[in-house]
Amino acid sequence: MAWANTSTSAALRETTLRKLQVDLPVAVDRAGSVPLVTQVGDQLRAAMRGGQLTAGSRLPSSRSLADLLGVSRTVVTEAYQQLYAEGWLEGKHGSGTYVAEVYPHVHAEGGHRSEAADDVHTPLEGEDPETGLIDLRPGRPWVLNYDDAAWRRAWRAAGDLPMSARPDLYGDPLLRDALAAHLRRARAVPAGPGDVLITRGTGNGLDLLAATLLKPGDKVGVEEPGYRAARWIFAGRGAEIVPCPVDADGVIVDDLPGDLRMIYTTPAHQFPTGGRLPIPRRERLLAWARATGALVVEDDYDAEFRYDVAPLPALYGLDPEHVVLLGTLSKSLSPDVGVGWLVANPPLLDRVARRRKELADRTSGPVQRAVAIMLDRGDLDRHLRRMRLEYARRREAVVAALGPWTKGDTAGLHVLAELPEHVVPEIVAGARERGVLVDTTIRHHHGPPRVHGLVVGYGSAALHDVRRGCGIVRTLLDHALQEPELLPGAGHL
Ligand SMILES: Cc1ncc(COP(=O)(O)O)c(C=O)c1O
């Protein structure tokens, strides 16, 4: 292998690079089996990822670099085009090719660790922590631009309130009040504070419900594919999990069995396929619940984040006797806060509260009071409005890159890209090699996978990383899906 002076004198290379003010660690190996375009592209990418080429650096013109490397200009042009498509490079009109603005965490190899890197690389399922990767896995919100002044103000005000020696099992009255008002306003939920129990999040709410209502062997329906934490929690309380298939609109109601004790569903934005349960289906679901005596457990997941039309009102409002509503601040603020809510008719709520006492379970009082203050002051609403704009932009970037394959409503923090089964492992592995983490639909199934593809989350990656990561995925997809019969259109949803 020879460095960029393969066919040029070292002196000329020195002069050219000095003029360009960049030191390019690029070499070509003509004898190797890797195409020259790939060699050039891979090395530039590695230099940008590794921090040797930083945001704003100007790259040589394709002609100069081609001369330096002793390759044809087409080789460099194609390599640049690829890097443009992936979002690594940007052109400034009339003035050349530059390394695109890079979020600090991609320079982690250079020794600089940002807060974002620490957050993004929380190990998942036993993986080693990794640095310098674009994390497009779902389930993580953006926690870097909340209004920290408002957050501190809320904590100071909460600190002025007295501590309780007997925490309320239903939750802090201040928060129950504030939350009921919020739910009436934002979700058309006809609830007063007496219908609300404050939890530590949706998972905690599911567990309290399961502990209150389930007997070993009871059958619990869970959307398929669906939220696996829900399956784990119900199974952990002895339930038999019954997978209930979904289509593009959400759970397929007409196929539901008649012997379920409860069914867990995400009607606002199905996780992970992204459909919104239409009104007629909501009505059929409630008719089914009344006829069979099953309880509908409504996870109001992602209802805060719709980017086109207003969200449909919560199912709970249509039938508080047969529906329990669960919500959380995990996506709208952070899972770190550990606050959620369970809304149910008062007799059921009383049973849950009694069971909660037996389990010695509660939510932190000071946290609840701080959240109540944020709600009362409108800080949470402001944060949501800001985040909606940010997430909408990121979602657009995903759809722009992966458009033909994407499914689901204009909502939430993730997009499903439905793909032929056999290409999925190759895309995931290829993306990972290029520094991008994506999730697949497989682990969201209880039984054999019936929906195949990628679940692309844009909660925890900045817009330019979303663009770049999706650009990389798209390139891999185009490559993997060259045969025409594999083009979109033949999927399940
Ligand atoms: C479908 C769904 N519901 C709820 C949650 C949040 O649960 P919790 O409030 O327990 O953090 C998640 C988190 O990823 C989710 O994917």
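Counting starts at 1 for both ligands and their atoms, following the listed order.
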Worksheet item: So is there a nitrogen or oxygen of Gly203 less than 3.5 Å from a nitrogen or oxygen in ligand 1?
Response: yes
Worksheet entry | Taking atom 13 (C) of ligand 1 as the reference point, the nearest protein heavy atom with its distance | Lys331 NZ, 2.8 Å
Worksheet item: Looking only at heavy atoms, is any part of Trp341 under 4.0 Å from ligand 1, and if so is it the side chain, the backbone, or both, or is it neither?
Response: neither
Worksheet item: Which residue and non-hydrogen atom of the protein lie closest to atom 5 (C) of ligand 1, and at what distance in Å?
Response: Tyr227 OH, 3.5 Å
Practice prompt. Evaluate side-chain hydrogen bond (donor to acceptor under 3.5 Å, both in side chains) for Arg356 paired with Thr363, printing each intermediate quantity in order.
Written response: CA-CA 11 Å; Arg356 182 176 225 193; Thr363 311; 3.1 Å; yes
Fill in: SB check Asp381 Arg185 (cutoff 4.0 Å)
yes
Worksheet item: With under 30° as parallel and over 60° as perpendicular, where do the rings of His414 and His269 fit, or are they tilted in between?
Response: tilted
Worksheet, complete the sentence: Check: of Thr202, Asp299, Asn204, min heavy-atom distance to atom 3 (N) of ligand 1 comes from Asp299
Worksheet, complete the sentence: Min over Gly459, Ser330, Ala230 of heavy-atom distance to atom 11 (O) of ligand 1 lands on Ser330
Worksheet entry | Asp254 and Arg284 ion-paired at < 4.0 Å | yes
Worksheet item: Are any of the N/O atoms in Thr266 less than 3.5 Å from those in ligand 1?
Response: no
Worksheet item: Any salt bridge between Arg354 and Glu358, counting N to O under 4.0 Å?
Response: no
